[in-house]
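One structure below.
Convention: sequence-line order gives letters A, B, ...; per-chain numbering from 1.
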Amino acid sequence: MDAFYIGLAEIFEVDVAEIGPDFDLPSHNWDSLAVVSVIALGDECFQKLFDGAALAKCKTVADIELLMSRAEAA
Amino acid sequence: MRTGQIKAITSHLPAAVLTSDALAELYPGWTAEKIVEKTGVRERRIAAADETATDLGEAAARKLIDETGVDPATIDFLIFCTQTPDYPLPGNANLLHHRLGLRRECGSFDYAIGCAGYVYGLALVEGLIASGSAERVLLITCDTYSKLIHPMDRSVRTLFGDAATATLIEADDQSERTLGPFIFGTDGAGAKNLIVPVGGARAPRPLVAAEPEADRFGNMRGPENLFMDGAEVLAFALKTVPAAAAQLMARTGRGMDDYDLVVLHQASALLLDRLQRKLGVDDDRFVRRLEYCGNTVSSTIPLALEPYAPPSGQPRRCLLIGFGVGYSWAAGEILI
């Protein structure tokens, strides 16, 4: 999970200490570029592919983690 | 065996330049550095309002004729890959055939595939040559997606550029095939994820264009504009491209280390970075060319191959993979 959080911190351009389950996505440039970046990150860290439409609807990092647990193996 | 050999590749980019700096000024929250980092694109070339795929393709073809000295009268097939033709009919190949003054006995046709188009085209050419139907073929690629993109849709305007390429392929007798083998794939369930919904027979263009609407990310587009679900397309590519490479290598009996160059459709830096790592290809063999032209759809692979085309250097064994709209994909091995 460390690498995933580090990757999220890079995508949202914040300190990694700020990344946690409650991290609010819509207030941190949760746009089309961030969504595709998280898909690439999930593939790199977990070899899993997110459902893109469901990912775009996520509001927090906890939502992403829940989605990841259901994601298809890449 | 009778096989096709690539003798030359040339390209033509339109004059107008659209920089990431200029786009960053239009899109709040996106800096030029961020656009370049994620897309890999610093500049895109954009066709003028009165400049079409046939115009750009003609310029690439004339450059090839000038550089190689090939006699146009000896070309016996012209194939034009485009999804942005000048007219619903006739095809761009017919228009270009006339402009170049090719002979009446020269076959010509268009095909519309997009990002997998160049690999499909090489396979078609190899079929024509191996069957004895053609000896010297001119393969043109050109898409002008800029004409389909709403200016305030940053999800696609940051990626795509316009370009044309021309490839000359000649029949030769070789001990091994120099074009191919190829493998292909299709998944029409992905059609909705990269589409221009209006303008064809299913939904003709209305007399008054529909008002553009903002999507959940604030990107503006109307039904006559290009729509791309970037997340779905990225997931498709991450899943499909490694499988296509494995399928081709199972056919050829080669491993990734046996290829001098690996040339993928130049979709975006984000995707290329990830695919390079998944395929395990080192930087020296993984070809990139999108920083100063963008994702040019069917022209990305020939643009990336252009510096390696004859007469430059020793023959190189290349793995090519095109993938995208459709969904469609194709992989092939060539010696160039």
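- Closest approach of B/F217 to A/D31, counting heavy atoms only: CD2-CA, 3.3 Å.
- Taking CG of B/L234 as the reference point, atom CD1 of A/I39 lies at 5.5 Å (rounded to 0.5 Å).
- In terms of heavy-atom proximity, B/R274 sits nearest to A/E44 at NH2-CA, 3.1 Å.
- Summarising the local packing, CZ of B/R277 is surrounded by 12 or fewer heavy atoms from other residues, nucleotides or ligands at distances under 6.0 Å.
- For A/L33, the parts sitting under 4.5 Å from any heavy atom of chain B are the backbone and the side chain alike.
- Residues B/K34 and A/N29 meet the side-chain proximity criterion, which asks for heavy atoms closer than 4.5 Å.
- Minimum interatomic distance between B/A231 and A/G52 (heavy atoms only, all atoms of both residues): CB-CA, 3.6 Å.
- For chain A, no part of B/N193 is nearby; none of its heavy atoms comes within less than 4.5 Å.
- With a 4.5 Å cut-off on side-chain heavy atoms, B/K38 and A/V36 do not count as touching.
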